[in-house]
Visitor: 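Right, I'll just put the structure down here and ask away after.
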Amino acid sequence: MAKDYKDTLNMPRTDFPMRGRLPKREPLFQRKWEEKGVFKRLKEREAPLFILHDGPPYSNGHIHIGHALNKALKDFVVRYKALRGYRVSFVLGWDNHGMPIEKAVLDSKKTLKRLKNLLKEKVSDEVKGMVEDVVSSIDEAIKAKEERGFEDPEVKRLIREASRKYAALWVEVQKEEFKRLGVLTDWEDIYLTMDPEIEAKETEVLAKFTEEGYIYRGYMPLPWSRESQSALAMAEIEYYEKESPSLWFLAKSLDNDYYILVWTTTPWTLFGNRAFAFSPGMEYVLFRLPDGRTVVFSAEALDRIRETLGWEGEVVGRKKGTEFEGEKFQHPLFKDRVSPGILADFVSAEEGSGIVHIAPGHGKEDYEIGKVYGLEVFSPVDERGNFTKEADEQTAHPLNVVGLSIEEGGKRAIERLKELGTFVKLGKIRHSYPHDWRYKKPLIFRATSQWFLSLDHKDLRERALKAILNDVKWHPPESINRIYASVKERPDWVLSRQRAWGVFIPAVKCEDCGWETLVPEVMHRLAEDIRAGNSDAWLTEPLDRYLPEGFKCEKCGGTRFSKRYDILDVWFDSGSTCITVLKGRNIGYPADVYLEGWDQHRGWFNASLMVGMAYEGKAPYRTVITHGFVLDEEGRAMSKSLGNVVSPNEVIDKYGADVLRLWVASVEYTQDVRIGEEILKRVVDAYRKIRNTFRYLLSNLYDFTDPLPLEEMLPSDRWALSRLYGVMEEAKRLYEAYEFNRLYRLLYNYVVELSSFYFESLKDRLYTWAPQGRGRRSAQTALYYILQQLLLAFSPIIPHTTEEAWEYAPIKDKPESIALALWEDLPKEFKDEALERDFALLLNMREEVYPALEVLRRDRKLIGQNLDARIEVKPKGEYGRLLERYLPYLKEIFGVSQFVISGEPTGDEKVDGEYGLWAVSHAKGNKCPRCWMWWEDLPEGEVCPKCAAALKGEDHLQRVETDADML
RNA sequence: GGUCCCGUAGCUCAGGUGGUCAGAGCGCGCGGCUGAUAACCGCGAGGUCGGAGGUUCAAGUCCUCCCGGGACCA
């Protein structure tokens with residue numbers, strides 16, 4: 001019988017599915033955004049401009065979870081700014097040049113296998129179509145290189161050709177992956193550092209720096225990768241533990257009758273020895289060995305050296321460090337060479353002997369001190385780490401090491417020491433040593449001629465430091481220390497690389513005297529050819545095309561010149577995008593936001609700052625946001641060897657992009673963040689809750705037409721709007737502050753509150769009251785605003801789900817995508833602080849009685865749902881007045897059938913609380929078969945007065961407000 | 001080796017200048033509902049705030065050292 005009444009109720013109804021099926025459905029919305037040109041409209045509208053300049057990921061593989069974190073955060077910012085009405089600029093970029101791609105091309109076997117595997121993966125037909133072309137280009141380049149060698153310009157051109165295609169392939173792959181993440185951008189408006197337009201502009205940037213005197217050519221030792229056959233920038237170095245030789249030897253003084261004791265971990269650098277350094281502040285001992293020889297070393301190291309070398313003997317004299325300056329010593333390897341004693345502050349006695357072998361061609365400190373003493377920068381090692389003829393030619397007693405590796409040469413050096421009788425001891429030492437970041441192989445220090453950008457020219461460094469402190473906002477604030485230190489300490493920028501795949505430094509070499517120079521005119525002319533589409537022009541065109549009329553060598557007046565083929569450091573490529581892209585494309589300068597991982601303090605943020613300051617005179621960004629790295633569930637870095645790598649593509653395929661994005665929003669990204677199965681499971685739970693909330697809102701608005709004016713709404717609905725107002729204000733504040741995890745918690749906790757209290761309390765009114773009565777429409781009005789605001793607030797985080805709900809939402813004149821909607825502030829009238837205070841108290845009271853209801857239910861089995869219950873209360877203090885004021889709504893708020901204020905509350909279970917003396921029991925009378933509420937005077941089986949009115953379509957609210965029983 | 005950051009319930013996170021600061025949500029356990037139902041509601045149990053010292057009348061909150069993790073630099 002009761003069942004009949006169900007048809008007379010207004011049950012929620014919606015086609016918005018409970019289950020997201022995100023992996024299937026999200027691509028539909030992505031296609032929609034693209035087809036409707038959503039982003040194109042956002043970037044073209046008439047409004048204040050907001051620029052987020054994208055840091056370019058390297059195009060040589062699939063995206064990893066860190067890329068996903070990065071792009072999701074950027075997308076949050078951009079989507080939020082768009083919602084708030086800005087015209088947004090967000091041009092995705094890729095970094096294409098550089099060793100890793102060139103290496104991939106040269107390492108063809110491995111790469112071809114990788115490309116073959118790519119064909120089996122889930123990539124588009126477009127990508128698959130590109131693979132064949134890449135493969136044949138690589139084949140051609142390799143064949144040419146084997147036949148003609150790397151230095152042949154045509155070989156370089158072919159390598160560049162293959163690299164270009166290989167990079168383009170991965171750009172396409174990553175583009176699809178970012179698309180699948182839900183990034184909102186114009187996919188036809190991207191930038192690649194290998195775009196001819198950008199290469200041309202970059203060449204012009206270099207020309208301008210040359211004109212302004214920032215660029216110089218220097219000869220000095222730099223970390224050199226034998227594998228890359230290139231000098232490395234600081235950003236390309238990593239430190240690992242390495243085992244090195246620990247060599248002790250003697251050098252004979254030519255002025256006194258003693259030897260000095262020297263220690264080194266790089267025996268091969270002895271070929272480049274040019275001096276011995278002593279500490280000016282240290283005392284040295286003269287130590288008599290049993291064999292009669294006297295050896296000099298640091299007094300501080302006396303005990304350690306005795307122990308390490310097992311030396312018996314006695315101190316027979318002392319000398320100050322300063323006394324050794326200018327003393328002549330025999331070169332460690334060659335009798336016919338002399339190495340002077342010099343003084344250097346960096347000499348310590350913590351390791352070794354307090355006397356340091358100086359090779360200005362093989363160490364930075366050695367070079368610096370060598371400059372002071374006018375020592376030769378001697379570096380007889382070629383790009384592969386093999387000795388050159390200079391190693392032998394420097395002496396009449398050569399060791400014949402030409403062509404030998406530094407390891408073999410080092411052995412010969414030790415043999416020579418033994419021949420000379422100056423060998424003391426050879427051991428091993430483990431220490432932290434610089435390695436090539438790509439190959440993980442130890443580096444050597446080798447002096448070469450390179451092009452540098454001076455950081456102190458025109459006070460560049462000082463100006464940059466000032467800008468860091470005064471003009472840029474750093475989020476989180478601690479990152480200011482990192483960027484400041486990295487700018488303050490960095491050495492001059494080594495711009496040149498001896499490779500093929502990059503933007504050329506079009507230096508010109510005088511064939512008569514060997515002088516190399518940069519000619520701005522050449523660079524400008526070359527830029528024109530590149531801009532016209534020939535990135536390889538420097539290789540393919542004759543130099544005459546670029547040299548100015550009548551150009552002569554400034555050193556010797558010579559007129560015959562050749563081209564040099566060094567390329568620019570890739571950090572210059574990406575560092576100059578603030579000019580080549582932001583200015584080159586007339587987007588605007590500076591950008592509002594740069595947002596990258598905190599490793600970019602010494603990378604992209606640093607490089608961009610240098611280029612921007614030198615070129616434009618101000619920092620390229622107003623705000624810099626940094627995020628941490630993604631670790632596994634145990635907080636360990638991800639690595640293939642640990643097998644703990646979480647791939648964003650797999651997460652998206654399994655749970656959907658919105659779940660991955662919700663995870664991004666849920667974590668404190670300014671620190672390192674964790675991801676793993678359990679963490680994702682929690683996020684999935686949260687996602688379901690949010691999705692169901694949207695669904696419930698939609699389902700109760702299926703017949704909604706117009707909002708009710710605020711003054712006609714019921715107190716609890718006005719309270720709901722007041723709460724909504726506060727939450728949304730806070731949400732906007734948190735978006736502005738980039739505090740997404742707080743935002744996530746704010747919104748999520750709000751959703752939980754809605755579901756457990758407000759929605760629950762509304763059920764009777766929504767389901768059983770007259771459909772068009774004021775009570776139900778008042779509730780729907782609140783739900784309407786909640787839905788609209790909640791969708792807007794969540795849309796930057798979970799754009800697919802909110803887009804889907806948006807399509808179902810009964811919002812008048814809504815734009816066709818939520819991404820095109822405006823998130824405007826709610827009317828201030830919604831805010832009602834007095835009402836919120838009242839409800840806060842009422843909710844506290846609810847918490848106070850609920851445990852008693854639980855006892856009735858669980859222990860005493862007297863009731864099932866709360867609607868079976870009756871609450872009687874004797875309020876304490878002023879709370880009586882509060883309850884009286886809301887009397888008609890208390891049943892709804894407490895979710896029970898009967899609520900009585902009484903001087904003597906009676907019931908089966910009592911609670912003496914802060915707000916009152918409560919008594920709860922089973923409700924009296926009979927249960928209305930329609931609304932399931934209990935009524936004291938209701939005849940059994942009959943419908944209650946409220947339902948009777950509703951069935952006749954009558955709005956009984958007026959009576960409700962005067963008669964509590966009517967609710 | 002140096003510098004910096006992090007370490008609060010199983011998970012993700014709150015806890016300005018030291019004094020109800022031991023919290024939230026989820027998860028978990030127990031119960032209800034079956035008119036949001038592969039949903040929804042209620043109640044409850046979980047933490048010596050990484051460890052050890054110290055400063056203080058009083059310390060997740062300040063200092064030192066140690067352990068674990070991460071980053072940066074040499």
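Chain A is the first sequence line, chain B the second, and so forth, proteins listed ahead of strands; every chain is numbered from 1. Predicted model, so just to flag it, every value in this text is computed and none were measured. Worth knowing before you read on, the calculation uses all heavy atoms, side chains too, and leaves out hydrogens, waters and symmetry mates.
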Visitor: Distance check: side-chain N/O of A/Y767 vs OP1/OP2 of B/A36, anything under 4.0 Å?
Guide: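 A/Y767 to B/A36 OP1/OP2: side-chain N or O found under 4.0 Å.
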
Visitor: Could you check which of B/U12, B/G35, B/C72 has an atom nearest any side-chain atom of A/D599?
Guide: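 So the side chain of A/D599 is nearest to B/C72.
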
Visitor: Could you pull out all residues at least two apart from A/D717 that satisfy side chain to side chain donor-acceptor pair (under 3.5 Å)?
Guide: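 Once residues adjacent in sequence are excluded, the partners of A/D717 under the side chain to side chain donor-acceptor pair (under 3.5 Å) criterion are A/Y758, A/R765, A/S778.
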
Visitor: Taking the same atom, P, in B/C57 and in B/G51, what whole-Å distance lies between them?
Guide: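 It comes out at 25 Å once rounded to the nearest Å.
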
Visitor: In whole Å, what is the span from the CZ atom of A/R682 to the P atom of B/G27?
Guide: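 That distance rounds to 7 Å.
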
Visitor: Please list, pair by pair, any protein nitrogen or oxygen found under 3.5 Å from a nitrogen or oxygen in nucleotides 3-8 of chain B.
Guide:
none

Visitor: If the cut-off is 4.0 Å, is A/S486 near the phosphate of B/C72, judged by side-chain N/O to OP1 or OP2?
Guide: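 For A/S486, the contact criterion (side-chain N or O under 4.0 Å from OP1 or OP2 of B/C72) is not met.
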
Visitor: B/C41, OP1 or OP2 - any side-chain N/O from A/K689 closer than 4.0 Å?
Guide: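 It does, given that an N or O in the side chain of A/K689 lies less than 4.0 Å from OP1 or OP2 of B/C41.
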
Visitor: Which nucleotide, if any, forms a Watson-Crick or G-U wobble pair with B/A59, using both distances under 3.5 Å?
Guide: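 Pairing partner: none.
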
Visitor: With a non-hydrogen cut-off below 4.0 angstrom, is A/A637 in contact with a base, only sugar-phosphate, or nothing?
Guide: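 Sugar-phosphate contact only.
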
Visitor: Give the rounded distance in Å between these two atoms: OH of A/Y850 and P of B/C41.
Guide: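 Interatomic distance, OH of A/Y850 to P of B/C41: 11 Å.
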
Visitor: Going by the rule side chain to side chain donor-acceptor pair (under 3.5 Å), which residues pair with A/S298 if we only count those two or more places apart in sequence or in a different chain?
Guide: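 Scan of A/S298 (side chain to side chain donor-acceptor pair (under 3.5 Å), adjacent residues dropped) gives none.
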
Visitor: Say you pick atom C1' in B/G35 and the same atom in B/G16; how far apart are they, in whole Å?
Guide: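 Per the computed distance, 48 Å lies between those C1' atoms.
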
Visitor: Return the nucleotide paired to B/C21: Watson-Crick means purine N1 to pyrimidine N3 with N6-O4 or O6-N4, wobble means G-U with N1-O2 and O6-N3, both under 3.5 Å.
Guide: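 Its partner: none found.
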
Visitor: So is A/K946 actually on top of A/W932's ring, under 6.0 Å and inside 45° of the axis?
Guide: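 Negative - A/K946 is either too far from the ring of A/W932 or too far off its axis.
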
Visitor: A/W932 side chain: which of B/G35, B/C33, B/G10 is closest?
Guide: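 Among B/G35, B/C33, B/G10, the one nearest the side chain of A/W932 is B/G35.
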
Visitor: Looking at A/R742, I'd like to know whether one of its side-chain N or O atoms comes within less than 4.0 Å of OP1 or OP2 on B/G15.
Guide: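 For A/R742, the contact criterion (side-chain N or O under 4.0 Å from OP1 or OP2 of B/G15) is met.
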
Visitor: Measure CD/A/E677 against P/B/U12 and give the value in whole Å, please.
Guide: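 Taking CD of A/E677 and P of B/U12, I get 14 Å after rounding.
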
Visitor: Determine the interatomic distance between P on B/G50 and the same-named atom on B/U34; round to the nearest Å.
Guide: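 So the two P atoms sit 46 Å from each other.
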
Visitor: Tell me which nucleotide among B/G42, B/G10, B/A39 gets nearest to the side chain of A/M18.
Guide: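 Minimum distance to the A/M18 side chain belongs to B/A39.
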
Visitor: In Watson-Crick or G-U wobble terms, both distances under 3.5 Å, what is the partner of B/C49?
Guide: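 Paired with B/C49, as far as the under-3.5 Å criterion goes, is no nucleotide at all.
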
Visitor: Of the candidate nucleotides B/G29, B/C13, B/G69, which contains the atom at the shortest distance from the side chain of A/R636?
Guide: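 Among the listed nucleotides, the one closest to the side chain of A/R636 is B/G69.
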
Visitor: Pairing check on B/G27: which nucleotide meets the Watson-Crick or G-U wobble criteria with it, both distances under 3.5 Å?
Guide: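 Partner of B/G27: none.
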
Visitor: List in chain and number order the residues that pass side chain to side chain donor-acceptor pair (under 3.5 Å) with A/E730, two or more places apart in sequence or in another chain; answer none if no residue qualifies.
Guide: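 A/R733.
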
Visitor: Going by ring pair (Phe, Tyr, Trp, His ring centres under 6.0 Å), name the residues that satisfy it together with A/Y850, two or more places apart in sequence or in a different chain.
Guide: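 A/Y850 satisfies ring pair (Phe, Tyr, Trp, His ring centres under 6.0 Å) with no residue once adjacent residues are dropped.
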
Visitor: Expressed as a whole number of Å, how far does the C1' atom of B/U55 sit from that of B/C43?
Guide: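 My reading of the C1' atoms in B/U55 and B/C43 gives 44 Å.
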
Visitor: Any Lys/Arg nitrogen of A/E804 or A/R691 sitting under 4.0 Å from an Asp/Glu carboxylate oxygen of the other?
Guide: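 Yes, charged N to carboxylate O under 4.0 Å.
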
Visitor: Nearest to the A/R857 side chain among B/C33, B/G31, B/A71, which nucleotide is it?
Guide: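 The answer is B/G31.
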
Visitor: Under 4.0 Å, heavy atoms only, any strand: does A/S699 hit a base, just the sugar-phosphate, or nothing?
Guide: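 Result for A/S699 = nothing.
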
Visitor: Is the glycosidic angle of B/G60 within 90° of 0, making it syn, or outside that range, making it anti?
Guide: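 Syn conformation here, the glycosidic angle of B/G60 being no more than 90° from 0.
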
Visitor: Taking syn as any angle within 90 degrees of 0 and anti as the rest, which one fits B/G35?
Guide: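 Because its glycosidic torsion lies more than 90° from 0, B/G35 adopts the anti conformation.
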
Visitor: Could you work out which one of B/C40, B/A39, B/G42 sits closest to the side chain of A/E854?
Guide: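 Of all the options, the side chain of A/E854 is nearest to B/G42.
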
Visitor: Pairs under 3.5 angstrom, nitrogen or oxygen only, protein versus nucleotides 20-24 of chain B, please.
Guide:
{"residue": "B/A24", "atom": "O2'", "partner": "A/N749", "partner atom": "ND2", "Å": "3.3"}

Visitor: Just name whichever nucleotide pairs with B/A14, Watson-Crick or G-U, keeping both distances under 3.5 Å, else none.
Guide: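 In the structure as shown, B/A14 has no Watson-Crick or wobble partner.
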
Visitor: Without decimals, in angstroms, what is the distance between A/Y758 OH and B/A36 P?
Guide: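 In whole Å, B/A36 P and A/Y758 OH are 17 Å from each other.
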
Visitor: Taking the C1' atom in each of B/A14 and B/A24, what is the distance between them to the nearest angstrom?
Guide: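 Here B/A14 and B/A24 have their C1' atoms 7 Å from each other.
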
Visitor: Applying a 4.0 Å non-hydrogen cut-off, can you work out what A/I679 is touching in the nucleic acid: base, sugar-phosphate, or nothing?
Guide: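 Result for A/I679 = sugar-phosphate.
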
Visitor: Here's a test of your reading of the structure: between A/R674 and A/Y748, which maps to the more 5' nucleotide of RNA chain B?
Guide: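 So the residue in question is A/R674.
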
Visitor: Please round to the nearest 0.5 Å and tell me the distance separating atom CD1 of A/I675 and atom CG of A/D632.
Guide: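 The distance works out to 10.5 Å.
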
Visitor: Go through the structure and list residues passing side-chain contact (heavy atoms from CB on, under 4.5 Å) with A/S279, not counting sequence neighbours.
Guide: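 Residues passing side-chain contact (heavy atoms from CB on, under 4.5 Å) with A/S279: A/M282, A/Y284, A/V347.
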
Visitor: Looking only at the side chain of A/N692 (C-beta and beyond, no hydrogens), which of the listed nucleotides B/C40, B/G35, B/G31 gets closest?
Guide: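 The answer is B/C40, which lies nearest to the side chain.
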
Visitor: Can any side-chain N or O of A/S608 pair as donor or acceptor with the backbone N or O of A/F605 at less than 3.5 Å?
Guide: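 Not confirmed, A/S608 side chain does not pair with A/F605 backbone.
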
Visitor: Centre of A/W493's six-membered ring, under 6.0 Å away, within 45 degrees of the axis: is that where NZ or CZ of A/R490 sits?
Guide: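 Checked: cation-pi criterion met.
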
Visitor: Quick one: A/Y687 OH to B/C26 P, roughly how many Å, whole number?
Guide: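 Value for this atom pair: 18 Å.
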
Visitor: Could you work out the separation of B/U12 and B/A52 based on their C1' atoms and round it to a whole Å?
Guide: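 Between the two C1' atoms, the distance is 29 Å.
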
Visitor: Quantified in whole Å, what is the C1' atom distance between nucleotide B/G47 and nucleotide B/G23?
Guide: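 About 11 Å, rounded to a whole number of Å.
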
Visitor: From CD1 of A/I690 over to P of B/G25, roughly how many Å is that when rounded to an integer?
Guide: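 Result: 15 Å.
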
Visitor: Closer to the 5' end of RNA chain B via nearest nucleotide, is it A/G864 or A/R19?
Guide: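 The residue whose closest nucleotide sits nearer the 5' end is A/G864.
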
Visitor: What is the distance, to the nearest angstrom, from the CE atom on A/M11 to the C1' atom on B/G35?
Guide: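 These atoms are roughly 3 Å apart.
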
Visitor: As a test of understanding, state which of A/T768, A/V943, A/L867 forms a side-chain contact (heavy atoms from CB on, under 4.5 Å) with A/C931.
Guide: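 Option passing the side-chain contact (heavy atoms from CB on, under 4.5 Å) with A/C931: A/T768.
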
Visitor: Given the C1' atoms of B/G54 and B/G15, what is the spacing between them in whole Å?
Guide: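 Per the computed distance, 24 Å lies between those C1' atoms.
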
Visitor: B/A74 P sits how many Å from A/H431 NE2, rounded?
Guide: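 Checked: the NE2 to P distance equals 16 Å.
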
Visitor: Just verifying a value: how many Å separate A/Y735 OH and A/F76 CZ, rounded to the nearest 0.5 Å?
Guide: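 A/Y735 atom OH to A/F76 atom CZ measures 7.5 Å (nearest 0.5 Å).
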
Visitor: Could I get the full list of side chain to side chain donor-acceptor pair (under 3.5 Å) partners for A/D868, not counting sequence neighbours?
Guide: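 Expected list: A/W934.
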
Visitor: A/Y784: what forms a ring pair (Phe, Tyr, Trp, His ring centres under 6.0 Å) with it, not counting sequence neighbours?
Guide: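 Applying ring pair (Phe, Tyr, Trp, His ring centres under 6.0 Å) to A/Y784 gives A/F704.
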
Visitor: Could you tell me which nucleotide pairs with B/A36 by Watson-Crick or G-U wobble geometry, both distances under 3.5 Å, or answer none if nothing does?
Guide: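 No nucleotide pairs with B/A36.
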
Visitor: Taking atom types as they are modelled, is there a donor-acceptor pair under 3.5 Å from the base of B/A36 to the side chain of A/S755?
Guide: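 Under the 3.5 Å cut-off, the side chain and the base do form a donor-acceptor pair.
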
